2 protein chains.
Amino acid sequence: MKKQSYHHGDLRSALVETGLRLLREKGDGDIGLREVARETGVSATAVYRHFPDKDALLHALARAGYEKLFDAQEAAAAGKPDREQAFRATGQAYVHFAVANPALFGLMTAYMPAAGEEEALALSTESRAGVSLRENIAALMPEGSGRRAQDIAAIQAMALVHGLAQLVIGGQVPNDPELIDAAVDQFGDWRHSHAQAES
Amino acid sequence: MKKQSYHHGDLRSALVETGLRLLREKGDGDIGLREVARETGVSATAVYRHFPDKDALLHALARAGYEKLFDAQEAAAAGKPDREQAFRATGQAYVHFAVANPALFGLMTAYMPAAGEEEALALSTESRAGVSLRENIAALMPEGSGRRAQDIAAIQAMALVHGLAQLVIGGQVPNDPELIDAAVDQFGDWRHSHAQAES
DNA sequence: ACGCCAATCTTAACAATGTAAACATAGCGA
DNA sequence: TCGCTATGTTTACATTGTTAAGATTGGCGT
């Protein structure tokens, strides 16, 4: 399997793969260009044939992470009975993915695609997650909801899962899957919830 | 005002101050130990008389940031008519502070005090913000709310403001103070909001 | 008032990092 | 087969965090 010829064959993919592995193994999120090259069995400057600089390498890693996240979200949504449950499942999948891959998630947030100036809400006309979020919000909001109300709801949904992920990773919220799912599920009725689910 | 004697007098405070200044000036959050020392007009290794390593210096900066944040939150809450408005004001102050000081806020989240294992909810018996958050939640929740429901509500509140701050800083949500305030204010009734504030 | 001591700051040095420049290898088309 | 170009390598440099050894000085006991 190992080609140890002078030319590697497909180095770019190999670098991304070892990068993901290092992010999985080391708790802290800071990986080095030299470290990735060394672990791939290649010399440091070889990286520059495939990435203009370290930032580009990390950007590629973040991009790979986003695709994994989207896959996980789609898998979680698939097979849910109604749209609302599917929507909540995507939110829970977001948090669970982040908690399961803290270093990678950190990179992803550090290299989050900043939205263009033209769009009022930035999350985001280009990404799969952005459009599906908007669709779901629009479908689940009450009938007469205006554009602005939908924007706010979308922002709240994004902020909740994103913030929750960070809090669990940071250790401010205990890593309890039931608690996480409940926090996402009960989004929207925190002042109205009288029943306390004793499971 | 400038002592240029061999001994600086109060170097530790000076280092923290220039650290805060650098975080304010440079957009990206990564400041170096040598950079702080150089800008303070002192040699790099002098830092080690006051901090065991770079991490300790950054930790002190984060700590200073938290105190500023708490002050801002208290100032925002002061003078509000009822408790609910005061509570929402603290949430808005959190986001506004983060957006106004993105690099410092990044450090703060990176060095967030992880909660001890013993407490179910981690935010937190030690910090001012933690207790006031719990008090407010308990006071604003409906009468028969159980402990778990309060925990979930507190987590949701923290996650919302924290995530919102990150999204605005990251550029995924436009930096519009009215939008931010609305997203915090309308927390809890995203599916029930029919009226759209055309302000 | 004097002397020394311990706290504070300095310079010198080391390993590791990101990156640029110059050189080496080999796969592939003429 | 020859040579060109894509792909790696070695070397070198500036910068960083950190340690070790030496310089400076404010303050305390006598």
Side-chain angles (χ1 to χ4, degrees), chain A residues 1-64 103-104 106-107 110-111, chain B residues 1-64 103-104 106-107 110-111:
Chain A
M1 212 62 178
K2 283 285 182 60
K3 300 184 179 184
Q4 55 178 353
S5 62
Y6 196 91
H7 288 29
H8 186 281
D10 186 8
L11 184 56
R12 191 189 147 101
S13 313
L15 290 171
V16 171
E17 222 161 310
T18 60
L20 292 175
R21 178 171 60 82
L22 290 176
L23 286 175
R24 207 177 313 126
E25 292 172 355
K26 308 207 322 176
D28 50 344
D30 51 338
I31 66 179
L33 183 149
R34 278 179 124 106
E35 184 184 9
V36 175
R38 189 186 318 135
E39 212 77 7
T40 315
V42 91
S43 238
T45 54
V47 179
Y48 288 84
R49 292 294 144 192
H50 301 271
F51 300 97
D53 56 352
K54 178 188 179 183
D55 237 52
L57 172 60
L58 298 185
H59 203 90
L61 290 175
R63 188 148 200 85
L104 176 57
L107 248 194
Y111 287 81
Chain B
M1 212 60 179
K2 283 283 183 64
K3 299 184 177 184
Q4 57 176 352
S5 62
Y6 196 90
H7 289 29
H8 186 282
D10 185 8
L11 183 55
R12 193 190 145 100
S13 312
L15 290 171
V16 171
E17 221 161 312
T18 59
L20 292 174
R21 178 171 59 83
L22 290 176
L23 286 174
R24 207 178 313 126
E25 292 172 354
K26 308 208 321 177
D28 50 345
D30 51 338
I31 65 178
L33 182 149
R34 279 179 124 108
E35 185 185 8
V36 175
R38 190 186 317 136
E39 212 76 7
T40 316
V42 91
S43 239
T45 55
V47 179
Y48 288 82
R49 291 295 138 185
H50 300 272
F51 300 97
D53 56 353
K54 179 188 178 182
D55 236 52
L57 171 60
L58 297 186
H59 203 91
L61 290 176
R63 187 150 201 83
L104 176 57
L107 248 193
Y111 287 82

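Just so we're clear, the structure is a prediction, and the values are computed from it rather than from any experiment. Letters A, B, ... mirror the listed sequences (proteins, then strands); counts begin at 1.
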**Prompt:** Of A:Arg49 and A:Arg38, whose closest DNA chain C nucleotide lies nearer the 5' terminus?
**Reply:**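 That would be A:Arg38.
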
**Asked** Hey, which of these two, B:Ala46 or A:Ala44, hits DNA chain C nearer its 5' end, going by closest nucleotide?
**Response**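 Looking at DNA chain C, the more 5' nearest nucleotide goes with B:Ala46.
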
**Asked** Under 3.5 Å, is there an N or O donor on one side and an acceptor on the other linking the side chain of B:Thr45 and the base of D:dT19?
**Response** no

May I ask you to verify if any side-chain N or O of [X] is less than 4.0 angstrom from the OP1 or OP2 atom of [N]?
X	N	result
A:Ser43	D:dT10	yes
B:Arg34	D:dT18	no
A:His50	D:dG8	yes
B:Tyr48	D:dT19	no

I'd like to know if [X] and [Y] make a salt bridge, using a cut-off of under 4.0 Å between side-chain N and carboxylate O.
X	Y	result
B:Glu17	B:Arg12	no
B:Glu25	B:Arg21	yes
A:Arg34	A:Glu39	no

**Complete:** Of D:dT7, C:dT19, C:dC9, the nucleotide closest to the side chain of A:Asp53 is C:dT19

What's the [atom1]-[atom2] distance between [X] and [N], to the nearest Å?
X	N	atom1	atom2	answer
A:Arg12	D:dA6	CZ	C1'	16 Å
A:Glu39	C:dT17	CD	P	12 Å
B:Asp30	D:dT15	CG	C1'	13 Å
B:Phe51	C:dT8	CZ	P	13 Å
A:Leu33	C:dA16	CG	P	16 Å
A:Lys54	C:dT17	NZ	P	10 Å
B:Leu57	D:dG17	CG	P	10 Å

**Asked** Do the non-hydrogen side-chain atoms of A:Leu33 and A:Leu58 ever get within less than 4.5 Å of each other?
**Response**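 The answer is no, as the side chains (C-beta and beyond) never meet within the 4.5 Å cut-off.
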
**Message:** Test side chain to side chain donor-acceptor pair (under 3.5 Å) on A:Asp55 and A:Tyr111; report intermediate values, then the result.
**Reply:** CA-CA 9 Å; A:Asp55 237 52; A:Tyr111 287 81; 2.9 Å; yes

